[in-house]
Amino acid sequence: MAAALLGTFVMTLDALIVNVTLPAIGRGLGGGMTGLQWVVDGYTLMFAALLLSAGSVTDKVGARRAFGAGLAVFVAASAICGLAPNLAVLVAARLVQGAGAAVVVPASLAVIREAFPDSVRRARAVSVWAMAGSAGAAAGPVAGGLLSQADWRMIFFVNVPVGLAALLLLACTARSQRRPAPFDWAGQIAAVVAIGAVTYGAIEAGAAGFGRPRVLVAFALALVAGPVFLTAQARGAHPMVPPELLRSRTVRVAAAAGFAINVGFYGMIFLFSLYLQQNRGLSALAAGLAFVPMTVLTAFVSRASAWLAVRFGPRVPVVTGLLVMSAGLAVLGLVPVSVPVWTLVALMVPVGAGGSLALPSVTALLLDRVPAARAGTASGVLNASRQLGGALAVAAFGALVADAGDFHDGLRTSLLAAALLVLSATAAGLLLRPAGTN
């Protein structure tokens, strides 16, 4: 459990610690909005693209072995990020970081699934796991602001000791069961192409326009690769996502909710990290501190989510959390441009609180409804949808603010679009079935 918590903490920390340091990275290595988007999305892109197969690999090689290998890759790539001499090397290392993180996250949930066979204890363990992610989210912006005062490179070096500590803890755990099976090459390649192409297209559209040939080719590739992936899963001999998982209502609802939550949460943090520094004149440290009330509260709300799910069923925290998050995003998108910064800080709180109320219940419900042998694959599906939501939010919202004549116009459009998406996921949450069904 301790190893899983540290792994989750450092993955979430890394996803958020970068945002407030983007202006400093831009000054140090160059690159406009497109380059800064790739610093963020290089990580989330590979995270999302490899999560599906990483979940399957976790089930095949064992959670302990997969967790250790992914964490070792992540630690090595973090050191390279800190030493990067230019933006190209930094983005390449971020891609490798994302690949390592893609293995760690489903493996950490599979480790918890093995350690807690009882569903009630497992729900509580997942809420603690979510709190570790919330702690990483809380620490990320502040740590990024503090470390960037010395050197932005320190935000990557901080991952090394935390990752090594998790590896030492993992060495003390028992071996996990293995379920060897051939690798789904067709499905994995199609997933990487589809997710990579749509993310590239969204980022480049903001810089070059939607009518440019390379943007159109990217979206065309995504449209072709998507059906190829679904066909490979439906007809392949060894699909990385078995068709029965794709047919499960719980899996589909969990994926939709996870996607929407990350669009709202990570999209908002990306936008306000830039807005508070570039448009309101805050320092990196002050911008990081602005996220503290929201991110600190998420740790407490995550704990309450498990209690509400046990007492009232999973639909109550899921639907309530999504409604609160949608309302928070809508209000942020509608406030006047002259509103004080402290008001923006307060209005961010419902966004984080709503997401942290819904996500633990979605995750616990998913692990409860799938067989133990499919825990890694199912968690891979959930986290792939979440990371894809975060990657597309940064790509699409970055394109909107870059294309708009005024940053605030793009900010407003992005937040209102996210609010509508989260609201639509709320309707999906109403489809969650009682225990005993899938």
Side-chain angles (χ1 to χ4, degrees), residues 123 126-127 130-131 133-134 137-138 249-272 291 293-335 339 343-366 368-369 382-383 385-386 388-390 392-393 396-397 411-435:
V126 170
S127 73
M131 286 180 65
S134 298
R249 176 178 294 188
T250 299
V251 173
R252 295 197 302 269
V253 171
F259 179 88
I261 288 170
N262 270 34
V263 167
F265 186 70
Y266 287 100
M268 183 201 68
I269 289 179
F270 171 76
L271 290 170
F272 277 101
F291 295 108
M294 175 190 68
T295 52
V296 168
L297 183 62
T298 59
F300 298 98
V301 176
S302 295
R303 189 64 176 168
S305 177
W307 180 84
L308 288 171
V310 171
R311 186 172 178 83
F312 300 107
R315 279 194 297 187
V316 171
V318 171
V319 172
T320 303
L322 291 173
L323 282 174
V324 170
M325 187 177 202
S326 178
L329 289 166
V331 172
L332 274 173
L334 294 173
V335 295
V339 69
T343 304
L344 294 176
V345 171
L347 292 176
M348 291 179 195
V349 170
V351 178
S356 62
L357 181 63
L359 186 59
S361 292
V362 168
T363 306
L365 180 69
L366 180 67
D368 193 37
R369 302 288 174 84
L382 171 61
N383 286 290
S385 65
R386 290 181 59 202
L388 178 59
L392 290 182
F397 296 169
L411 177 70
R412 183 189 303 273
T413 302
S414 300
L415 292 172
L416 292 178
L420 287 174
L421 179 64
V422 175
L423 187 61
S424 67
T426 307
L430 293 171
L431 299 176
L432 289 171
R433 293 177 173 177

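In this chain, numbering begins with 1 at the start of the sequence shown.
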So do the side chains of Val263 and Leu392 get within less than 4.5 Å of each other, counting heavy atoms only?
no
Could you pull out the closest heavy-atom pair between Ala425 and Ala260, with the gap in Å?
CB-CB, 3.6 Å
Between OG of Ser385 and CD1 of Ile261, what distance do you get to the nearest 0.5 Å?
9.0 Å
Shortest non-hydrogen contact from Ala418 to Gly264?
CB-CA, 4.2 Å
Taking Leu415 as the fixed residue, which of Val331, Val351, Leu332 is the one that meets the side-chain contact (heavy atoms from CB on, under 4.5 Å) rule?
Leu332
Distance-minimising heavy-atom pair for Leu322 and Val422:
O-CG1, 3.3 Å
Evaluate Leu420 against Leu329 for side-chain contact (heavy atoms from CB on, under 4.5 Å), listing each step before the verdict.
CA-CA 9 Å; Leu420 287 174; Leu329 289 166; over 6 Å; no
For Ala393 and Gly267 the tightest heavy-atom approach is CB-CA, 3.8 Å
Atom pair CG (Leu359) and CG (Leu382), whose distance is rounded to the nearest 0.5 Å
6.5 Å
In Å and rounded to the nearest 0.5 Å, what is the CE to CZ distance from Met294 to Phe272?
10.0 Å
Please table the atom pairs, donor to acceptor, closer than 3.5 Å between any side-chain atom in residues 251-258 and protein atoms at least two apart or in another chain.
residue, atom, partner, partner atom, Å
Arg252, NH1, Leu246, O, 3.4
Arg252, NH1, Arg247, O, 2.6

Taking the side chain as every heavy atom from C-beta outward, state whether Met348 and Ile269 have any atom pair closer than 4.5 Å.
no
With a 3.5 Å distance limit and no angle check, can you tell me whether Asn262 reaches the backbone of Arg386 through a side-chain donor-acceptor pair?
yes
Can you sort out the partners of Thr343 under side-chain contact (heavy atoms from CB on, under 4.5 Å), two or more places apart, ordered by chain and number?
Val339, Pro340, Leu347
In this structure, CE of Met325 is separated from CG of Leu357 (nearest 0.5 Å) by 11.5 Å
Worked check of side-chain contact (heavy atoms from CB on, under 4.5 Å) between Phe397 and Met268:
CA-CA 9 Å; Phe397 296 169; Met268 183 201 68; over 6 Å; no
Measure the spacing between OG of Ser326 and CG of Leu323 and express it to the nearest 0.5 Å.
7.0 Å
